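Small disclaimer: the values here were computed from a predicted structure and weren't measured. Just the heavy atoms: all of them, side chains too, but no hydrogens, waters or symmetry mates, feed the values below.
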Amino acid sequence: MSKNIIALTRSEDLTRAEMLFKKHKIRHIPIVKGESIIGMLSYADLLKISYADTTNDEHGIETVVYNSFTIEQVMTKDVLCIDSNTTIQEATEILAKREFHALPVVDESILVGIVTSTDLLNYFLKQF
């Protein structure tokens, strides 16, 4: 799992979210209230509401569209989480069967990490 978590609060905006996606080359950002996860925002969520991947402006951002929505309106609210004792096999099965690409890792209601399909692929590559 990745322990260096890039997170947002629901009061932040989608322009900042896109900047974080691009700056850190990530596709999922947990939305938190304090240390607890309350939602998940994916880069695909942004693409559903904008043309962010096809704009040619200086920042690659559809600011007008982003200003029409809040993070809370766009994020997934019913987030399936795992804990740090979840096995690699269990996490892989969840990602494969549920067609997710990221699982927040939560211990005692505190977000401690995130496991992505890329993390698992890298783990399996190291095994060969």
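- F69 is connected to L20 through a chain of hydrophobic side-chain contacts under 4.5 Å among Ile, Leu, Val, Met, Phe, Trp and Tyr, so both are in one cluster.
- At distances below 3.5 Å, not a single donor-acceptor pair connects side-chain atoms of T86 with backbone N or O atoms of I82.
- The distance from atom CD1 of I37 to atom CE of M75, rounded to the nearest 0.5 Å, is 9.0 Å.
- Here the OG1-CG distance, from T70 to D13, works out to 10.5 Å after rounding to the nearest 0.5 Å.
- The two residues Q73 and S68 come nearest to each other via the heavy atoms OE1-O, 4.0 Å.
- If you take NZ on K97 and CD on E93, they are separated by 4.5 Å, rounding to the nearest 0.5 Å.
- Across all non-hydrogen atoms, the minimal contact from L8 to A17 is CD1-CB, 3.5 Å.
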Criterion side-chain contact (heavy atoms from CB on, under 4.5 Å) on L95 and H101, from CA distance to verdict: CA-CA 6 Å; L95 290 175; H101 295 283; 5.6 Å; no

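- Of the N and O atoms on the side chains of T87 and E90, at least one donor lies less than 3.5 Å from an acceptor on the other residue.
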S2/V115 under side-chain contact (heavy atoms from CB on, under 4.5 Å): CA gap, chis, key distance, verdict: CA-CA 6 Å; S2 300; V115 173; over 6 Å; no

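- By the rule that hydrophobic residues join a cluster once side-chain heavy atoms approach within less than 4.5 Å of another member, I94 and V112 end up as members of one cluster.
- Legend: residues meeting side chain to side chain donor-acceptor pair (under 3.5 Å) with E35, ordered by chain and number and at least two apart, are absent.
- Hydrophobic clustering (ILVMFWY, side-chain heavy atoms < 4.5 Å, transitive): V105 and L121 are in distinct clusters.
- Counting only distance, with no hydrogens or angles, the side chain of D107 and the backbone of S84 share a donor-acceptor pair below 3.5 Å.
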Verdict with supporting geometry, S36 and L111, side-chain contact (heavy atoms from CB on, under 4.5 Å): CA-CA 6 Å; S36 299; L111 180 65; over 6 Å; no

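- With contacts defined as side-chain heavy-atom distances shorter than 4.5 Å, the pair I5/P30 qualifies.
- I29 and V79 sit in two unconnected hydrophobic clusters of ILVMFWY residues. Membership requires side-chain heavy atoms under 4.5 Å apart, directly or through other members.
- E18 places no side-chain N or O within 3.5 Å of a backbone atom of T15 that could act as its donor or acceptor partner.
- Using a 4.5 Å heavy-atom threshold, the side chains of I114 and I6 count as separate.
- A heavy-atom distance below 4.5 Å is found between the side chains of F21 and L41.
- Within the 4.5 Å cutoff, side-chain heavy atoms of I31 are placed close to those of I71.
- Looking only at side-chain heavy atoms (C-beta outward), V106 and D83 stay at 4.5 Å or farther from each other.
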side-chain contact (heavy atoms from CB on, under 4.5 Å) assessment of I49 paired with L14: CA-CA 11 Å; I49 63 165; L14 295 173; 3.7 Å; yes

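- Distance check, rounded to the nearest 0.5 Å: NZ of K77 to CD1 of I38 gives 9.0 Å.
- To the nearest 0.5 angstrom, M1 atom CE is 12.0 Å from L103 atom CG.
- Remark: the backbone N or O of H28 is not paired with any side-chain donor or acceptor of S42 at under 3.5 angstrom.
- Note that CG of L80 is 9.5 Å distant from CE of M40, once rounded to the nearest 0.5 Å.
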